[in-house]
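Some notes on the structure that comes next.
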Amino acid sequence: MVGFAMSKLILIVDDSPTVILSLKSNLTLNGYQVETAADGAAALSRLQAGLRPALIITDFNMPKMNGGELVRAVKAMPTLRFTPILMLTTESDPKKRDEGKKMGITGWMLKPASGPDLIKVISQILPAGR
């Protein structure tokens, strides 16, 4: 169990219910609180309504609003611009990855990511007690 994780809320944004279920299960078992959204537009709506996650994990390719558009919108919000964002995607194009870095993405992981690998990356992004 990750220390101090219970105070850490993670927002998962993915259009695959299977991916959301898998990530939510893994993160919950590791002591994190989890909220979910099925696409960038739904996530942005929740964030604009006051949701304040410690970390956002988003897919890149989604309907309505993709991960890149979501990142731009989040980084434009003064209350969220420093929120770390992890792109978890099947998108392996180096140009997209470079574009993500320029937008301010904290990390980029390719699907499928193993549970232990994901938790390791999250614990680097959100150290205990932060």
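Hydrogens, waters and symmetry mates play no part in the numbers below; they use all other heavy atoms, side chains included.
Remark: Phe60 CZ to Thr90 OG1 distance equals 10.5 Å, nearest 0.5 Å. Considering CE of Met109 and CD1 of Ile122, their distance stands at 8.0 Å, rounded to 0.5 Å. Here Thr89 contributes atom OG1 and Leu110 contributes atom CG; the two are 7.5 Å apart, rounded to the nearest 0.5 Å. Atom CD1 of Ile119 is separated from atom CG of Asn30 by 3.5 Å, given to the nearest 0.5 angstrom. In this structure, Leu11 CG and Thr83 OG1 are separated by 10.0 Å, a value rounded to the nearest 0.5 Å. How far CD1 of Ile125 is from CG of Leu86: 4.5 Å, rounded to the nearest 0.5 Å.
Enclosure of atom NZ in Lys75 by more than 12 non-hydrogen atoms of other residues, nucleotides or ligands within 6.0 angstrom is indicated.
Sorted by first and then second residue, the pairs that involve residues 36-50 and meet side chain to side chain donor-acceptor pair (under 3.5 Å), not counting sequence neighbours, are Glu35-Arg46. Residues in residues 95-114 take part in these side chain to side chain donor-acceptor pair (under 3.5 Å) pairs, two or more places apart or across chains: Asp14-Lys111, Asp59-Lys111, Arg72-Glu99, Ser114-Asp117.
In terms of heavy atoms, Asn26 sits closest to Gly115 at ND2-CA, 3.1 Å. Scanning all heavy atoms of the two residues, the minimum distance from Ala43 to Val13 falls at CB-CG2, 3.6 Å. Across all their heavy atoms, Leu126 and Ala54 have their closest contact at CD2-O, 3.5 Å.
Counting heavy atoms from C-beta on, the side chains of Thr58 and Leu88 never come closer than 4.5 Å. At least one side-chain heavy atom of Leu27 sits less than 4.5 Å from a side-chain heavy atom of Ile12.
Remark: Ala73 engages Leu44 in a side-chain contact (heavy atoms from CB on, under 4.5 Å) (not counting sequence neighbours). Contacts of Thr79 classified as side chain to side chain donor-acceptor pair (under 3.5 Å), with partners at least two apart in sequence or in another chain: Arg52.
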Tabulate below the donor-acceptor pairs under 3.5 Å that side-chain atoms of residues 15-23 make, not counting sequence neighbours, or state none.
from	atom 1	to	atom 2	distance (Å)
Ser16	OG	Thr18	N	3.4
Ser16	OG	Val19	N	3.1

Identify all side-chain donor-acceptor contacts of residues 62-71 below 3.5 Å with residues at least two apart in sequence or on another chain.
from	atom 1	to	atom 2	distance (Å)
Asn66	OD1	Gly68	N	2.8
Asn66	OD1	Glu69	N	2.8
Glu69	OE1	Asn66	N	2.8

Determine whether Leu51 and Leu9 satisfy the following criterion, side-chain contact (heavy atoms from CB on, under 4.5 Å), listing intermediate values before the conclusion.
CA-CA 9 Å; Leu51 184 66; Leu9 174 64; 3.6 Å; yes

**Request:** Could you give me the CA-CA distance, side-chain angles and deciding distance for Arg81 and Met77, then say whether side-chain contact (heavy atoms from CB on, under 4.5 Å) is met?
**Result:** CA-CA 6 Å; Arg81 72 173 173 237; Met77 297 172 71; over 6 Å; no

